[in-house]
Amino acid sequence: MLSNDVAALGLGDSCEALLLTPKGRVIASMRVVRQATDAFLLLTEPELGEPLVAELTRMRFAAKAEIGLEEHRSFLLLGADSGGIPNADYGVPAAEILDQEPPSDLPRVTEAELEALRIAAGTPRFGSEIDDRVLPAEAGLVERAVSLAKGCYPGQEPVARLHYRGHANRRLQVLEVEGAEPGAELVWEGKVVGRVTSAVSDLALGYVRTEVPSGAVLEVSGSAPKRATMRG
């Protein structure tokens, strides 16, 4: 049912995965942790827990599987490459720990600082860069969360067809820009070629059409138009 080869995980190992529609659009993104031979923990955004359980239950057919909703408290240890569930979302080694307090002597980062790291790393977030209109290839998720060698799962055919025979019409890009706002249009050579999806003070993420070359300078719409440079 998931896009990655979770059956190949060893005990305690984890991987990123997606639940897709039959047309290859993203329903939910997650990290899958193999807790036992026949038990997997799916870590996803809080707002996706109930929809993910409902969709997996609907798709279960005759499989002898129990699917339930759990709540966990999570902390992210930046700079740690062990001692938790590996997390590649922020461009630095990181590990996620569940239901335990981190060491009290560690410095804390703010939500704004964490968001800046995510944007600089080009990592999509559900609700900002990911929804049921987005293809995995557009968000750079095929390399991270899709096995192109595993057996059938919903959305496999369009994902494989796009990977091997075509290309996405747009791609997620890191933009160097001051004070952009999510939703702002991106203009290149007089044509709207994308939109901003997330932004912090001097960086943004946005979807840009693939014909725009890396390093291009884009106009950002708004009450005070700005220029954005695509990172290569």
Side-chain angles (χ1 to χ4, degrees), residues 3 16 18-21 23-31 44-52 55 76 87-91 109-146 155 158-159 162 166-232:
S3 64
E16 296 182 44
L18 306 169
L19 182 65
L20 303 173
T21 71
K23 293 185 177 181
R25 310 284 176 172
V26 180
I27 297 172
S29 56
M30 70 205 77
R31 277 182 176 78
T44 190
E45 301 291 340
E47 65 271 20
L48 293 177
E50 290 186 2
L52 179 56
E55 193 68 18
L76 191 66
N87 186 306
D89 287 352
Y90 300 96
V109 298
T110 66
E111 287 289 339
E113 291 170 329
L114 199 61
E115 179 73 345
L117 287 174
R118 179 186 74 85
I119 290 174
T123 298
R125 169 173 288 171
F126 204 92
S128 297
E129 289 75 36
I130 306 174
D131 58 28
D132 60 6
R133 298 169 295 176
V134 171
L135 296 169
E138 296 173 331
L141 292 172
V142 173
E143 297 79 7
R144 300 177 56 155
V146 173
V159 168
L162 185 62
H167 62 83
N169 292 324
R170 60 178 183 166
R171 63 189 185 274
L172 191 62
Q173 293 282 350
V174 179
L175 307 168
E176 296 178 357
V177 57
E178 294 284 345
E181 294 290 336
E185 292 182 336
L186 299 169
V187 179
W188 180 63
E189 296 186 343
K191 177 183 176 182
V192 176
V193 292
R195 62 182 176 86
V196 174
T197 54
S198 295
V200 289
S201 58
D202 58 351
L203 285 177
L205 278 177
Y207 283 106
V208 181
R209 291 192 60 83
T210 52
E211 64 262 28
V212 180
S214 296
V217 177
L218 309 176
E219 298 287 339
V220 183
S221 67
S223 55
K226 304 173 177 65
R227 290 182 178 269
T229 302
M230 287 172 49
R231 286 190 174 178

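None of the values given here were measured: they were computed from a predicted structure.
Residues Asp89 and Ala121 approach most closely at O-CB, 3.6 Å, considering heavy atoms. In plain terms, the two heavy atoms of Pro124 and Arg118 that are nearest each other are C-NH1, 3.7 Å. When all heavy atoms are compared, the tightest approach of Ala228 to Val220 is CB-CG2, 3.6 Å. Minimum heavy-atom separation, Ser29 to Thr44: O-OG1, 2.7 Å. Here the closest heavy-atom approach between residue Ala139 and residue Val134 is recorded as CB-CG1, 4.1 Å. Minimum interatomic distance between Ala145 and Ser3 (heavy atoms only, all atoms of both residues): O-OG, 2.5 Å.
You'll find the side chain of Leu135 reaches within 4.5 Å of the side chain of Arg25, heavy atoms only. When side chains are defined from C-beta on, Asp132 does not count as touching Val26, because their heavy atoms never get closer than 4.5 Å. By the 4.5 Å heavy-atom criterion applied to side chains, Leu18 and Val146 are counted as neighbours. Side-chain contact check for Thr197 versus Leu172: some heavy-atom pair is nearer than 4.5 Å. Put simply, the side chain of Arg209 reaches to within 4.5 Å of the side chain of Asn169, judged on heavy atoms.
Taking the side chain to side chain contact (heavy atoms under 4.5 Å, CB included) definition, one finds that Pro213 meets it with Trp188, Ala216, sequence neighbours left out. Annotation: side chain to side chain contact (heavy atoms under 4.5 Å, CB included) contacts of Leu76 (sequence neighbours excluded): Leu78, Asn87, Tyr90, Ala94, Glu96, Leu114. Take Glu16 and apply the salt bridge (charged side-chain N to carboxylate O under 4.0 Å, His left out) test, not counting sequence neighbours, and it matches Arg31, Arg144. Considering only residues two or more places apart in sequence or on other chains, Asp131 meets the side chain to side chain donor-acceptor pair (under 3.5 Å) condition with Arg133. Considering only residues two or more places apart in sequence or on other chains, Ser201 meets the side chain to side chain contact (heavy atoms under 4.5 Å, CB included) condition with none of them.
At least one donor-acceptor pair under 3.5 Å links the side chain of Glu129 to the backbone N or O of Arg125.
Rounded to the nearest 0.5 angstrom, His167 NE2 and Thr210 OG1 are separated by 5.5 Å. Here the NZ-CD distance, from Lys191 to Glu211, works out to 5.0 Å after rounding to the nearest 0.5 Å. The NZ atom of Lys226 sits 9.5 Å away from atom OG of Ser221, with the distance rounded to the nearest 0.5 Å. Note that the OG1 atom of Thr123 and the CG atom of Leu205 stand 8.0 Å from one another [nearest 0.5 Å]. To the nearest 0.5 Å, atom CD of residue Glu115 and atom CG of residue Leu203 are 10.5 Å apart. Annotation: the span from Leu175 atom CG to Thr229 atom OG1 amounts to 8.5 Å, rounded to 0.5 Å.
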Could you walk me through whether Ile130 and Leu141 pass side-chain contact (heavy atoms from CB on, under 4.5 Å), step by step?
CA-CA 10 Å; Ile130 306 174; Leu141 292 172; 4.0 Å; yes
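Of the charged side-chain nitrogens involved, none lies within less than 4.0 Å of a carboxylate oxygen, so that Glu138 and Arg171 do not count as a salt-bridged pair.
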Check: residues 178-186 side-chain donor-acceptor pairs under 3.5 Å, at least two apart:
none

